[in-house]
Amino acid sequence: MQTNAMLNMLKKIIYAITAVLILISVYLVLFIAPIPIDPGAAAGDPGNFKIFYFHLPIAISAYLSFFIVFISSILYLRSKKQKWDMLSLSAAEVGVVFAFLTLVSGSIWGRSAWNAYWVSWDVRLNTSLILFLIYLSYLMIRQAVEEPEKRARLSAVFGIIGFISVPISFLSVRFYSKMHPCVVPPCPSGGGGGIGGEVLYYLLVNFLAYFLLAASLMMLRMDNENLKEKANELKRKNNL
Amino acid sequence: MKFLEIARKDLLAEFRTKQMLNSMVIFALLVIVIFSFAFGNEATIFVPNLNKKIVDLLAPGMLWISFTFAGMLGLSRSFAGEKEEGCLEGLKLCPAERSEIYNGKVLSNAVLMFLMEMATLPIFIVLFSYEIKNILGLIVVVFLGTFGFIFVGTLLSALTVNTRTREILLPVILFPVLIPVILSAVSATGIMLSNGNFSDVAGELQILVVYDLIFFVVAQMVFEYTIED
């Protein structure tokens, strides 16, 4: 009981830190941080390029969430412990939301930088879209199965397959022209390392803020799922 | 080698009625016919700055749309038939590894797909008065692409057969995973149709081979979880 109370306390502290950090990062980006990437001859207002501070950390958080789905799916199939299934579910839901936000923020930025919301044969755009679609179908599988054990098993299988297909998609779309800049090294085609100095610090604050946000949302979702379990158990006990 | 027996059983049952094969072939033909209605007039227009006719640009996409859509019909029935009368339980009782069931299903699905594709291609050539330049290259590309489709499709067919909305769910979950195969196959098919060599599609062929290998191996490992109860 003691450890449980401490765990809850710890969670609350993390939620509080997350909330404060998100507020700080929004303030920093909107009012203090410089324009992160040289806009060049972009069509829109150069100030629009500040969306980069949200775009990159959100995208990386989505990737991390999907990686968590992959790992916890494997662990579920090995151990058949329900907690791993709950973790996959929470990570997938958070990841889908973050992947969607990546697409939205990228499109808004693209409209300003390339004068187009979507460039249909670009590498990164398509991989992000595929990622989003795969995990959307992951959630659809979960919806389509009633029995908890079967649902956990089938979605774990898809969690593994889906994650494997992502790097292959990334490879396959590499054959087509590229528009999306490469900012996180290593960048084989050059153009990497566009971030340095001051920009990097602001970016790191944002990274921390969004990683914590993803983690907090996952923890909340898992608590939610636990409560649902308990409610169902109570219902069963009282024959409701 | 027990998977050969399982494939033989499937094909024997199929060729008694030819239900699945007939509907796959007819569906693929219908897709091609609809495309020929839709694009027929414009297809022969020559685009000077690409040095191609419009049909050259559309052909790989049309072929793969008809292949994958018709293949989907076969896949969604592949395990649904076993679900009736407890056939799947019988299969699981076979003294064989679970992955043998998967391999057998892969083989029988692939045979049906290839038969459907062999019927579709001539009709496509006739309807669009089309000339295929590199037929050997096309066969290799279609072979690799079809196996990629079947490897993932058979696994996901086994996965969706346990769900409430199986026929609807399969295409929804299969297509996102298939995107690498379809992209590379369409791109390589286009090059092969217009007289390309294997060296022109080396990248695409690599992707197809890697995809096929990875999913074949992963499916061997995870297939048993999709049918256990």
Side-chain angles (χ1 to χ4, degrees), chain A residues 66 70 73-80 85 92 96 99 120-123 125-147 149-177, chain B residues 145 148 151-156 158-188 190-191 200-219 221-229:
Chain A
F66 295 141
F70 177 61
S73 295
I74 294 176
L75 289 173
Y76 176 80
L77 288 182
R78 293 202 130 193
S79 68
K80 296 279 156 85
D85 180 51
V96 163
S120 58
W121 281 123
D122 184 72
V123 178
L125 272 58
N126 279 301
T127 11
S128 314
L129 182 62
I130 295 167
L131 202 66
F132 174 66
L133 290 175
I134 285 179
Y135 285 90
L136 215 55
S137 29
Y138 174 90
L139 295 180
M140 290 207 51
I141 293 181
R142 300 199 64 103
Q143 249 180 12
V145 192
E146 293 273 309
E147 306 89 323
E149 191 276 330
K150 201 197 257 178
R151 179 174 58 214
R153 183 157 46 80
L154 295 182
S155 58
V157 169
F158 191 77
I160 295 170
I161 301 173
F163 190 78
I164 293 170
S165 81
V166 171
I168 311 179
S169 312
F170 185 74
L171 275 177
S172 67
V173 281
R174 285 228 142 194
F175 293 110
Y176 308 99
S177 63
Chain B
F151 285 154
V152 182
T154 306
L155 181 61
L156 291 185
L159 197 155
T160 49
V161 78
N162 291 306
T163 61
R164 262 180 300 153
T165 50
R166 47 177 99 128
E167 276 86 5
I168 310 166
L169 192 62
L170 179 63
V172 174
I173 67 169
L174 180 54
F175 275 123
V177 181
L178 274 181
I179 285 170
V181 171
I182 296 180
L183 276 183
S184 318
V186 166
S187 152
I191 295 170
D200 300 329
V201 292
E204 282 89 344
L205 288 181
Q206 269 171 17
I207 293 284
L208 286 173
V209 170
V210 166
Y211 187 96
D212 287 5
L213 283 179
I214 290 180
F215 276 100
F216 182 68
V217 172
V218 172
M221 294 193 279
V222 296
F223 177 73
E224 59 179 303
Y225 297 110
T226 61
I227 54 165
E228 89 184 11
D229 329 82

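A ring-centre distance under 6.0 Å is found for A:Phe163 and A:Phe70.
In terms of non-hydrogen atom pairs under 4.5 Å with chain B, the most contact-rich of A:Gly162, A:Ser165, A:Ala144 is A:Ala144. Of the listed residues B:Asn162, B:Val210, B:Thr160, B:Val152, the one with more heavy-atom pairs under 4.5 angstrom with chain A than any other is B:Asn162. The residue among A:Ile160, A:Ile134, A:Leu133 with the most heavy atom pairs within less than 4.5 Å of chain B is A:Ile134.
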When you look at B:Thr154 and B:Phe223, which way does the side chain to side chain contact (heavy atoms under 4.5 Å, CB included) test go after all the steps? CA-CA 9 Å; B:Thr154 306; B:Phe223 177 73; 5.6 Å; no
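Taking OG of A:Ser73 as the reference point, atom OH of A:Tyr138 lies at 4.5 Å (rounded to 0.5 Å). For the atom pair CD (B:Gln206) and CD (B:Glu204), the distance works out to 9.5 Å, reported to the nearest 0.5 Å.
For a residue to count as touching a neighbouring chain, one of its non-hydrogen atoms must lie under 4.5 Å from one of that chain's; by this rule B:Leu159 touches chain A with backbone and side chain alike. Only the side chain of B:Phe215 comes within contact range of chain A, with heavy atoms under 4.5 Å apart. When heavy atoms are compared at a cutoff of 4.5 Å, B:Leu178 does not approach chain A at all. Only the side chain of B:Leu156 comes within less than 4.5 Å of a heavy atom of chain A; its backbone N, CA, C and O stay farther away. Of the two parts of A:Glu147, neither the backbone nor the side chain holds a non-hydrogen atom closer than 4.5 Å to a non-hydrogen atom of chain B. Heavy atoms closer than 4.5 Å to chain B are found in both the backbone and the side chain of A:Phe158. Proximity to chain A (any heavy atom under 4.5 Å) is restricted, for B:Leu169, to the side chain, taken from C-beta onward.
Counting heavy atoms from C-beta on, the side chains of A:Ser155 and A:Asp85 come closer than 4.5 Å.
When all heavy atoms of A:Tyr135 and A:Gly159 are compared, the pair lying nearest together is OH-O, 4.1 Å.
A donor-acceptor pair is defined here as one N or O able to donate and one able to accept, closer than 3.5 Å; no such pair exists between the side chain of A:Arg153 and the backbone of A:Lys80.
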